[in-house]
Structure formats: structure tokens, C-alpha cells
Amino acid sequence: MSSSSSEDDIPLSKKRRQDKFAESNASMSGRSAERTPDPAMARTKSVINDDDSSDEEMPLAKRASSKTNGKAMKREASSDEDNVPLSKIVKTTKKPTPKKRIVNKEDSSSDDEKPLAKVKKDIKKVAKVKAEEESKVVRKQTKKVKDEEAEAQFKWWEKSNEEEDGDVKWNELEHNGVLFPPAYVPHGVKMKYDGKPISLSPEAEEVASFFAALIETDHGKNPVFQKNFFSDWQEILKKDSSNPNITSFEKCDFRPMYEHFEVEKERKKQLTKAEKQTIKEEKAKVEEPYLYAIVDGRKEKVGNFRIEPPGLFRGRGDHPKTGRLKKRVMPEQVTLNLGENAPIPKPLDGHKWGGVVHIHEATWLASWKENINGSIKYVFLAATSSWKGQSDMQKFEKARDLKKHVNRIRRDYRQQLNDKLMETRQRATAMYLIDVLALRAGNEKGDDEADTVGCCSLRYEHVTLEPPNILVFDFLGKDSIRYHNSVPVDAQVFKNIKIFKKQVGPDNMIFDRLTTMSLNKHLGSYMKGLTAKVFRTYNASHTFQEQLNKLTREEDSIPDKLLSYNRANREVAILCNHQRSVSKNHGQMIAKIQDKIRALKYQRKRLRKQIVQLDPKMKKSKLTEMEEESDLEDEWIAEHQKDLLVKEREKITTRFEKNNEKLASEGKPPQPKEELKEKLKAVDDWEKELQKEKKTGKIEVKASATVEKLLAQITKLDERIKATKTQALDKEEGKETALGTSKLNYIDPRISAVWCKKYNVPVEKVFSKTLRDKFQWAMEIDADWR
DNA sequence: AACTTAACTTAGGATGACAAAG
DNA sequence: CTTTGTCATCCTAAGTTAAGTT
């Protein structure tokens, strides 16, 4: 923080993160302490008296928030479910979890598939036989196609809804495993410790390099990041006794390495086109085997076949683990998911796979455990694949289904906003927020993660009340993005939040009797598969369609139509709070544009003066109608003129030098210096002229100039000024909203497809190539779809 | 555990400024 | 003075991986 001596220079988005940082530092005692509930406050009643005056009588959080015994709490919460009317527990009978079969590389070849696989097959036999036969047919057909022209895409959306085949996603699955990052090649550049160059073991050098590359970034300057990196690096240093004893981060100077990388970067840029081309080709050759998997005979694109390279964990927000070393992944840690009959790809030389499994009900191709949070990473098919496409379409269909139920759901929760039962009332209030504000569900998080919240995990401090009915939300959501919004709400919602807050007290969760699980369970009783996130999809798509209809004019030009499209898109992005960090030089950029505008205005002003000089009568007519340049101060003009002169001189000198170089290379003698002087003199003359202008207040008008000509020039300038202004405005408006996320994940692509058809806008204007590929299933939609 | 959503990072293509040529 | 070619800059799209939900 100390680095921010001039706060105003910091882009907004960065600031927001910094502020947050300050906040968490201020409350150093840590969250766990803050959130520990006051046992004296614990109460047990769970019926609500609606009268405000008797708020005190309200029940309280059994799970009054504590993280320390969260597990016990959760169990308790689930026992609460007994209160739920039976009718609401529709949950389908659980299928036995499929057994994973780990096959060691050695035994995999011979014995293989028969026993376990057969049992499994028997279980699902009845349901599956039909599908299997079908898929065999499909396979034969597509194999033929594949041999000729591999790309003929399988149009799954044209097939009638195949029987939902239990949870089985595939019968045969073949792929070439994963691509590991190349082994580390030491560069030998010595960093300094305590001012002296030191040599490091390759492993220690690698980790130091990870950090060195980041020293100029926000991460590299973040103390938590530094601390975590440093302690993990020390562990690595200890592993090789030849490493120097490094105990103080402050004494480390990573700059030599950083500079080395900068030079390398520059060198890469300087490569010729041909060299770049060969590098690209080599890369493609290495990747080639991993690009596609074969699913039931169909060739499908793989998404992320590359194993994530080692590096420093770049946790967002103030993640406690940010900066920790993300270790290199070895084949031993990687599990492959393959068909029983598929050949097992070769692991790295001298290595073995961690395991090979045949989980037919999963869509992942490979997985490994990551060492920072202990979570599992997966290799999936690409977004263009049928698996992803199908589930994407299902998602939007589900959102469309919601339309049929939403009125009933809304009526219910409105009614339940003053339910006697605390839990029900909280649930109804949460549903209101999820529905109206498109908040995320908000699972609880651990102490070893960034402190972010969603609807169910909102805490006391995240919502403030502004009578009569305004709620002010201010919290960090997913990715530590700030959600800051003032919304007028239903009177009862306002009242409820007030009550809940009073009950739970500071630092505690507002919906203390609600979990995402119980909420989703309840939603599921309205409609199969309905969960909190469906509301986000539904509301996003719905808003988009609404806005689009409202904004688009038949008679508009295509750019205008696109503007409407983007505006509708922006509405959705705002609803979903999709932000992007303002680029580091946004401020500069805007300043540059403003300067450009002023420079144009300066020119225009001169032209006007000239016109008046030519024809004094013009003064009162057209010219006065024109907008006055309020931001053109004399001071600025002087500055600007100086600038123009300096630039002109520079230009002349460099041109002169360049010319000389050219002459020299041709073996000719350089131009005489007098020539340069001669040319520079012209600028001097210009300068004098400007000074004279300043004194007399008159501009010398060229002999060829006429009023008409000057007016024409002014019109041109006017246009340019206007264009630049709107450009600036557009940039300013959109600087913080990211349109891409909603387009990619929330807005039903069929709405766009229909819109393009209806208004004759080419689809490629609204969908990039990847988007078109991903949404192929939506492109051939009927024009009357809604 | 498995899958979707999301922002951050990077690559490369479009765009505009500038110099040289017409 | 306008047009054309080149280079740097900027911006978008693709790629990556962290952070959510179920």
C-alpha cells in the first residue's frame, strides 16, 4: 500500500482491490475471530413474530456462523430438513456410485475388461442395449466419414432427443493423453543477494525466475504473494546444499533475471516472419496428437490437453495462498479416463501414469490433483464438442422451462416473505434477491480462501438499510469483484433484512438458517433441475431479449443495429456485474483523446478567426451558433503551440539524419549541415509568426483562402471532433463492463441468431469464430423462435 | 467430484500515424 | 495535396486457469 503515494494514478479497478486489502489488514485479527459468535446470543426459538417491536423474540442462528465448528453446524442444518414437508423431497433415488476401476499399466493389456466392466454393464444392460446398438451404427457411419473428411461435424442437435441413457456418457473413448510442459532449462543468469551475485541449483533458479518475471506486476508487489513465494522458495533452496543460505526477502534482487527475460521477450519479437512461422509449425506438430479424442467413433476436439505448467499460484483478491509454488505435475499424478479397448498412451520417458480408469459416466479425459488447494483439475473436451454443446443447450432449455414456472415461484416467495417460520422467510427473501438482482447462490468458503460471498453467505456488513426501502449491497463476489448496488426493494424484503440483521448481529451471515443446499432443494421442488444459477441464466437471457426488442429499429443502419445489440448486451453485463479491470493506461488513453480533441478545437478556432478576418460579417451569423471551446485556455494554447514547434523540429532533424544514413549506405556524401539549418529556420519563422499573432490577435490568412473553403474545413473538423468525442464516451462507458462473459455463458445464442436473421445482420458481426463454433447448434434456428 | 463460469494473460490482427511516393 | 506502404499501437479474440455451483 505504501507504494500508492498518489492514489489518483491508480486505475479504479486496482484501487478497488487495494481498498479491500487495506480493509483486511485493518482487521488483522482475522476473520475467524471476527466471526466467532457470541454464545450469549444463541437462542433457539424458530418462529417469527412479525411485529417489529418484538424483533428480540426472534429466533437466532443455530448455525450462528462459526467456522470453527462448521461441520457440526451443517449436520444440524440438514436435520432441520425434517421440517420440510414430504412433498418437497422429490429427490430421485440415488444410483449407486459407479466404481472406479484403477488399472495399473502392467496388467492393463491382458486380463482387462471382463469382470468388473461386465457387472457394470449388466446393471445397466436393459436401458443400454438399445443405445449401444444405435451408437454402433452411428460409429460405423461416422468412421467412414472420418476417413475421408475428418471435419464433417456431427450434428447432434438434429438428432431427435436420444433416450437419456442413465448417466452413461460414452461407450468408447480414445485419446492420446496429455501434453506435459517442457523440462526446465536453466538460463544461468545470476540474481543478487545482499548485493552479490549468487548461483542457484536449477530448481531454485526456476522458482526464483517465476517470481522475477512478476516483480513489476501487482502480484509481485503484493506482500502476501511475496511472503508465500519466499517461504516456498526457501524450501526448494534447502533441497540442494550448494544453494546459498537465503534468509531475507529484502536482500534479494531479482532484477537481473527480470531484465534477462525482458531482453528475451524483445528478441522473440524481433524474429523474422519465417522464423516465427517455423516455431509455430513445430509447436503445432507437438500438439497434433492431443488435439482430438474419439468418442464413440466420433472425432471430438479436446479443450485443455496441456498439463498446467509449474508457476506461482495467482490467487485473486486477497487469497491467503497467493504466491505459493504450484509444483510441476508428473505422469504419476495423472489419471487417464479411457475406454477399456482404447490403447493407453505412452507416459513421459521413464514414467508411469498414476492410473487408468474407465468411468463411462464422466466426460473428463484426464485428471490430476493440484497442490495448492488440493482440488482436482480435469482435461475436458473443447466447447465446440457435442458434450459441451449438449449441456449448454440443456442449460438454456432449462432457463426457458423456468419461464413456465416463474410466476408461480414468484407468487410463492412473495407470499412467504412474511412466513412465520424463520427458515422459510429467509429462503423467500434470498429467492427474491436471486431473482431480482441475479445474485449467485453463495456457498460458504473456508478460511484458506479469499473472503468472498454470494446471496446465501451475505454477512451483516454487506447490506445496509436506507429507509424507506433501499438496500445498499457492498460486498466482494466471485473473483473478489466488488458488487456495489443500491436497490429499492419490496417493503417486506426491506423489513426482513432489518430483522435478520438484528438477529444475527455484526459479522454474521444474514441468512443464518439457509444454505445453498436447502435453497436448491426447495427450488428443485418447483421444477426438475431448478437451482439458483438458473435464475441468472433466465434473467440474463430474458433481459437481453427484452432490451434487444426495445432498442432495435428496423430502419437503422447495421452499425446502429450493432450498437443496440451491444447496449442490450451491456445491460446484461451490468445485471450480472461482469467487470473487467480498467487497463493500466486507461487514464492516459482518455487524456490522449481529450488532448486530440483540444488540438482539433484549436485548429477550428484558428479557422474561425480567419473567416472573421476575411469577412467580418460572418462574426454574428453562423459562427456564433457554433459551440464555444470552454476548455481552450490561453495557457493550454501556448503549451500546445510550443509542443507543435518542438515536434516539428524533431521531425525535421530525424528526417535529415535518416536521409544522411541512406546517402551513406549508397556511398554518397551526407547533406550539408546548412540544409538542416535552413529547414529549421522555417520553424523559427513559424514561431515568430505565432508570437506576432499573439500580440496582434490576428492570423495571417493565406491568399488562396476563401470563406467557403474555410467553412468546409470547419465542417470536416466538426465531424472529426464529434467522432472522437463519441469514441471517448464509448470507451469511458464500457471501461468497466466486460460484455464477453454474458455473451459466452448467459445469453441464449438463439436469441442472437434470430435477431441477426430478422434484421439482416451477418452473424459474424456479433459472434467471433470461436463463438460461432461453440454455438453451432443454435445457428439454424427458426426465425420465429423465442 | 465434476462441471460451469470468470477474469486474467497473451497472441496476433486491425487500425491509425507517419513517411515516402505519386 | 492525396495516395500508398510501413511501422507501432491498440484492441479483440483465443487460451489459460482460478473460482464458483451442484
Side-chain angles (χ1 to χ4, degrees), chain A residues 13 97-98 100 167 169 213-214 217-219 265 268-269 273 276 280 283 303-309 311 313-317 319 321-322 326 335 337 359 361-364 367 369-370 372-383 387-388 391-392 394-395 440-445 449-450 452-457 476-481 515-517 519-521 523-524 529-534 536-537 540 573 576-581 583 585-586 588-589 592 596 647 651 654-655 658-659 662 731 734 738-746 767-774:
Chain A
S13 74
T97 36
K100 283 191 203 175
D167 287 328
K169 304 275 174 44
L214 300 176
T217 67
D218 289 343
H219 279 125
K265 248 190 241 166
K268 248 187 207 164
K269 251 194 232 160
K273 248 185 195 161
K276 280 181 186 163
K280 210 172 151 190
K283 216 174 125 201
N304 53 331
F305 50 80
R306 228 178 264 281
I307 291 278
E308 291 175 16
F313 176 69
R314 283 133 118 120
R316 318 249 168 93
H319 194 120
K321 292 183 177 176
T322 193
K326 194 166 98 171
T335 304
N337 193 22
I359 307 174
E361 28 297 284
T363 65
W364 53 271
S367 68
K369 195 167 187 174
E370 148 270 345
I372 303 286
N373 296 301
S375 64
I376 298 174
K377 300 264 186 168
Y378 298 89
V379 172
F380 292 112
L381 291 184
W387 281 342
K388 293 286 186 191
S391 71
D392 213 31
Q394 264 171 32
K395 170 182 79 186
R440 294 189 185 83
N443 285 298
E444 283 190 65
K445 296 185 73 185
E449 298 170 274
T452 63
V453 298
C455 183
C456 294
S457 50
L476 297 177
K478 183 179 181 178
D479 294 304
S480 295
I481 297 295
T515 64
T516 54
M517 296 259 272
L519 177 69
N520 283 336
K521 203 168 186 177
L523 291 173
L530 182 63
T531 60
K533 90 182 182 76
V534 181
R536 243 168 109 81
T537 318
C576 294
N577 199 38
H578 290 141
Q579 299 191 10
R580 60 174 181 175
S581 48
S583 67
N585 43 24
H586 174 82
Q588 276 175 39
M589 232 168 57
K592 220 171 160 183
K596 203 167 133 190
K647 272 193 187 142
K651 215 158 98 185
T654 53
R655 197 186 297 165
K658 240 187 187 171
N659 229 334
K662 202 171 155 191
K731 278 207 173 121
L739 302 187
T741 306
S742 47
K743 210 187 230 183
L744 191 66
N745 297 305
Y746 288 106
F767 285 152
S768 66
K769 187 175 171 310
T770 30
L771 245 39
R772 289 199 300 278
D773 283 349
K774 175 179 170 169

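A note on names: the letters A, B, ... follow the listed sequences, proteins ahead of strands, and every chain is numbered from 1.
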- Please report, rounded to the nearest Å, how far the C1' atom of B:dA2 is from the CG atom of A:D167. 12 Å
- Item | Pair A:S457-A:E444, side-chain hydrogen bond (donor to acceptor under 3.5 Å, both in side chains): steps then yes or no | CA-CA 6 Å; A:S457 50; A:E444 283 190 65; over 6 Å; no
- Side-chain N,O (A:K169) to OP1/OP2 (B:dC3) below 4.0 Å: yes
- Query: Rounded to whole angstroms, how far apart are CZ on A:R536 and P on C:dT22?
  - Reply: 11 Å
- Could you give the CZ-to-P distance, from A:F313 to C:dA19, as a whole number of Å? 4 Å
- Message: I want to check one thing: is the phosphate of B:dT5, taken as OP1 and OP2, less than 4.0 Å away from some side-chain N or O of A:K395?
- Response: yes
- Query: So, the side chain of A:K445 versus the backbone of A:A450: is there a donor-acceptor pair under 3.5 Å, distance only?
  - Reply: yes
- Residue whose closest nucleotide on DNA chain B lies nearer the 5' end, A:K388 versus A:H219: A:K388
- Are the side chain of A:T322 and the backbone of A:H319 linked by a donor-acceptor contact shorter than 3.5 Å? no
- Message: Rounding to an integer number of Å, can you tell me how far A:E444 CD sits from C:dA19 C1'?
- Response: 17 Å
- Distance in angstrom units between A:I376 CD1 and C:dG20 C1', rounded: 16 Å
- Please check the phosphate of B:dT4 (OP1 and OP2 only) for any side-chain N or O of A:N745 closer than 4.0 Å. no
- Per-nucleotide pairing state of DNA chain B [Watson-Crick or G-U, under 3.5 Å; [ ] pseudoknot-crossing; | other strand]: ||||||||||||||||||||||
- Query: Reckon A:S391 touches a base, only the sugar-phosphate, or nothing at all at heavy-atom distances under 4.0 Å?
  - Reply: sugar-phosphate
- Message: Is the phosphate of C:dA18 approached by A:K326 (side-chain N or O, under 4.0 Å from OP1 or OP2)?
- Response: yes
- Return the value, rounded to whole Å, for the distance between atom NZ of A:K280 and atom C1' of C:dG15. 14 Å
- Closer than 4.0 Å, any side-chain N/O of A:K533 to the OP1 or OP2 of B:dT5? yes
- Query: In whole Å, what is the span from the CD atom of A:E370 to the C1' atom of C:dT16?
  - Reply: 14 Å
- Message: Less than 4.0 angstrom between a side-chain N/O of A:T363 and OP1 or OP2 of B:dC3, yes or no?
- Response: yes
- Task: Could you tell me whether the phosphate oxygens of B:dA7, OP1 or OP2, come under 4.0 Å of any side-chain nitrogen or oxygen in A:H578?
- Result: no
- Within less than 4.0 Å of OP1 or OP2 of B:dA7, is there a side-chain N or O belonging to A:K478? no
- For C:dA19, take OP1 and OP2 only and decide whether either is under 4.0 Å from a side-chain N or O of A:H319. yes
- Is there a side-chain polar atom (N or O) of A:T741 under 4.0 Å from OP1 or OP2 of B:dT5? no
- Would you kindly give the CG-to-P distance between A:N373 and C:dA18, to the nearest whole Å? 9 Å
- Query: Are any of A:R440's side-chain N or O atoms less than 4.0 Å away from OP1 or OP2 of B:dA6?
  - Reply: yes
